[in-house]
Visitor: 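I'd like to ask some things about the structure below.
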Amino acid sequence: MAQMQSSTDVFNFATITSTQAVHAGEQRFRSHHSLTVPIVQTAVYTFDTTADLVNYTEERLFWNEPEREEYGRYGNPTVRALEAKIAELEGAQDAIVVSSGMGAVTSTLLLLLQPGQHFILTDNCYLSTLEFSQNFLKRYGVECTLVPFGDYDAIEAAVRPQTRLIFSESPTNPFMRCLDFERLVSIARRHKLLTVVDSTFATPYNLRPLAFGVDLVIHSLTKYLAGHNDAMAGVVAGRYDLTTPLRQMQGLLGNIAAPQTAYLILRGIKTLALRMERQNAGGLAVARFLEGHPKVRRVWHPFLESHPDHAVARATLRGGGGVVSFEIDGDAERAHRFIDALRIPVIGPSLGGVESIVSPLALMGYANLSPEERLALGIRDELVRLCIGVEEPEDLIADLAQALDRI
Ligand code: PLP
């Protein structure tokens, strides 16, 4: 990351402001003088005459993008408003909103990979992404090589004539490994490969992968972008030559997001910068507290000096985010007693919302793996993932302290 001398340089081009989070991609004047984006609750759009239909068809054939919608599976104005907002925030030509984060991952891989082709996946990624890549895609004759995160020589060594793309996450779930984009993109360009990065844990407030030369960025909108643990969707953003076929494929796969969901996420993004500032600060404060505690064996947060990717994280991220993974010094039983003693975070999966959530990962997300398979992924029974919400960091730290006192 040699060219990134000062963090200010990075922030100026690589992340967004609160003003952008509120206004990006939004039309100033809307029907009925509504300030907010209307929820257009319809499955069907009508035409006055057959001549309108002819014009619509010609327009669609010519521009590939009609000015209006025809049927709910092909588009919805509320969903399009969300797509326009995310495209602008990511610095992308276009964004496709789909029904979940996994919908974004799976449809991107299904679109870009054909039988006989191969791709490279960095490890320590979201488990469903790993399962889809390694197991499910095999039935379509697509091969995946898993390489250790951070080993750029291994990425290059894995390239074959059939390799089409590199898929990675930054920061990763659950150990917050962070990409050196310069190295990743230079390998990809040397071998004419596409790069796809799931940057759910960062959001465009902390990181904009496209600014580093990545081809497609993916998010689970369910997390920070929606921000309130009440909506589920995903997005893929990038250049038209990649997003246009993805949009066409969405009409066939039918993995669309509902208009109310799009509205909730549009609303959530308005406060993205405010929430991320709090969650960035809370995440680091909690990580530092845990790192200094004698009953905690190890802590992972990208802005801790002890994190394996600390230097790259500081060079690419505006903030380290609200997720802190850590091992209780002891066994599963001790870790469970600690979790049960917490008063503020709720026990559950997911992250990025206003409520703090604590996940015993061996029981949640990784429960269908054998203990050996979990260990191979670094998931020990005493591993805890804490996803900071927007509560006061000092309240969370006091809660963690009292729970640790009780074990
Ligand atoms: N990508 C990452 C990094 C995730 O953490 C998750 C979910 O936790 C997903 C994708 C999948 O998102 P969704 O649950 O919206 O399908």
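Counting starts at 1 for both ligands and their atoms, in listed order. Worth saying up front: this structure is predicted, and the values here are computed from it rather than measured.
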Visitor: At a 4.0 angstrom heavy-atom cut-off, what protein residues surround ligand 1?
Guide: Ser100, Gly101, Met102, Tyr126, Glu169, Asn173, Asp198, Thr200, Phe201, Ser220, Thr222, Lys223, Met232, Ala233
Visitor: Consider side chain to side chain contact (heavy atoms under 4.5 Å, CB included). Of Phe212, Phe201, Phe181, which one does Ser170 pass it with?
Guide: Phe181
Visitor: Only one of Leu383, Thr172, Val324 clears side chain to side chain contact (heavy atoms under 4.5 Å, CB included) with Trp300; which?
Guide: Leu383
Visitor: Identify the two heavy atoms, one from His118 and one from Thr145, that lie closest to each other, and give their separation to 0.1 Å.
Guide: NE2-OG1, 2.6 Å
Visitor: Step through it carefully: locate the ring centre of Phe303, locate the ring centre of His307, and say whether they are under 6.0 Å apart.
Guide: no
Visitor: Quick one: side-chain contact (heavy atoms from CB on, under 4.5 Å) partners of Pro148, sequence neighbours excluded?
Guide: Asp123, Asp151, Ala154
Visitor: Check whether Thr108 reaches the backbone of Val196 with its side chain - one donor and one acceptor, N or O, closer than 3.5 Å.
Guide: no
